Amino acid sequence: MSEEESEERPACALIIVNWDYTSREFEELLYPEQDGEVMEKMLETAGYKSVKVLQNISDIERCIARYKEEHQLLEMERFHFHYSGHGVFNASIELDPNCYS
């Protein structure tokens, strides 16, 4: 791919970092905010043109759907998703393997 084509199709990233939890189930985490800052700097240095960092998001699935809606007309060279925070198993999320190419 030529440099001109790469500029037309930017590399994009969505970084979500959660550390401030209201639920007693989870302890507050000390370093996700710094993880987000390091990832943002690293990706921008690597040539990513659009890096969005979101903090303390309660509905991650909705946030990703909104990002997808906002960028639906943008043909990306590549997309990077990074999450830093507590994780839980959620078997209710279904992925369509046919919508990724």
Side-chain angles (χ1 to χ4, degrees):
M1 173 178 300
S2 73
E3 190 174 315
E4 185 177 301
E5 288 174 318
S6 181
E7 286 183 21
E8 291 174 14
R9 296 177 46 210
C12 300
L14 175 60
I15 301 168
I16 296 176
V17 294
N18 286 346
W19 69 87
D20 187 15
Y21 293 92
T22 56
S23 170
R24 285 194 234 174
E25 271 185 86
F26 302 109
E27 293 179 20
E28 287 189 16
L29 296 173
L30 300 176
Y31 303 108
E33 185 176 18
Q34 290 86 348
D35 291 349
E37 292 168 1
V38 169
M39 286 299 299
E40 180 179 26
K41 188 174 188 174
M42 182 184 73
L43 292 169
E44 287 174 345
T45 299
Y48 281 71
K49 300 298 182 200
S50 174
V51 179
K52 185 172 189 175
V53 180
L54 302 173
Q55 300 176 341
N56 295 314
I57 301 299
S58 59
D59 189 347
I60 294 171
E61 188 175 9
R62 176 66 196 130
C63 189
I64 293 170
R66 190 174 313 123
Y67 184 90
K68 182 180 171 187
E69 289 168 10
E70 291 170 359
H71 294 82
Q72 67 183 341
L73 298 179
L74 179 63
E75 187 175 332
M76 297 178 199
E77 178 186 7
R78 65 186 168 275
F79 175 75
H80 179 90
F81 174 77
H82 176 85
Y83 173 78
S84 185
H86 285 296
V88 295
F89 178 74
N90 184 346
S92 68
I93 296 175
E94 295 182 25
L95 299 176
D96 179 359
N98 298 316
C99 73
Y100 306 99
S101 58

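This one's a predicted model, so the numbers in the text were calculated from it and none came from an experiment.
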**Point-to-point distance, once rounded to the nearest 0.5 Å, from CG of N18 to CG of L54** = 9.5 Å
**Fill in**
Nearest heavy-atom approach of G36 to V53 is O-CG2, 4.5 Å
**Message:** Quick check for you: to the nearest 0.5 Å, what is the distance between I15 atom CD1 and H80 atom NE2?
**Reply:** 6.5 Å
**Prompt:** How long is the gap from CG on D59 to CD1 on I64, to the nearest 0.5 Å?
**Reply:** 9.5 Å
**Prompt:** According to the ring-ring contact (aromatic ring centres under 6.0 Å, His included) rule, which pairs have a member within residues 50-73, sequence neighbours left out?
**Reply:** Y67-H71, Y67-F79
**Asked** What pair of heavy atoms forms the shortest contact from K49 to P10, and how long is it?
**Response** CB-CB, 3.9 Å
**Fill in**
Residue set satisfying side chain to side chain contact (heavy atoms under 4.5 Å, CB included) with E70, at least two apart, ordered chain then number -> K52, R66
**Complete:** Those residues at least two apart in sequence (or on a different chain) that pass side chain to side chain contact (heavy atoms under 4.5 Å, CB included) with E33 are W19, E37, Q55
**Prompt:** Can you find a heavy atom in the side chain of M42 that is under 4.5 Å from one in the side chain of Y48?
**Reply:** no
**Prompt:** At what distance, to the nearest 0.5 angstrom, does CD1 of I57 lie from OH of Y83?
**Reply:** 10.0 Å
**Request:** Flag yes if L14 and V38 sit in one hydrophobic cluster, no otherwise; membership is Ile, Leu, Val, Met, Phe, Trp, Tyr, and two members link when side-chain heavy atoms are under 4.5 Å apart.
**Result:** no
**D20 to N56 - nearest heavy-atom pair and separation** = N-OD1, 2.9 Å
**Request:** List the atom of R9, the atom of E77, and the distance in Å for their closest heavy-atom pair.
**Result:** O-CB, 2.9 Å
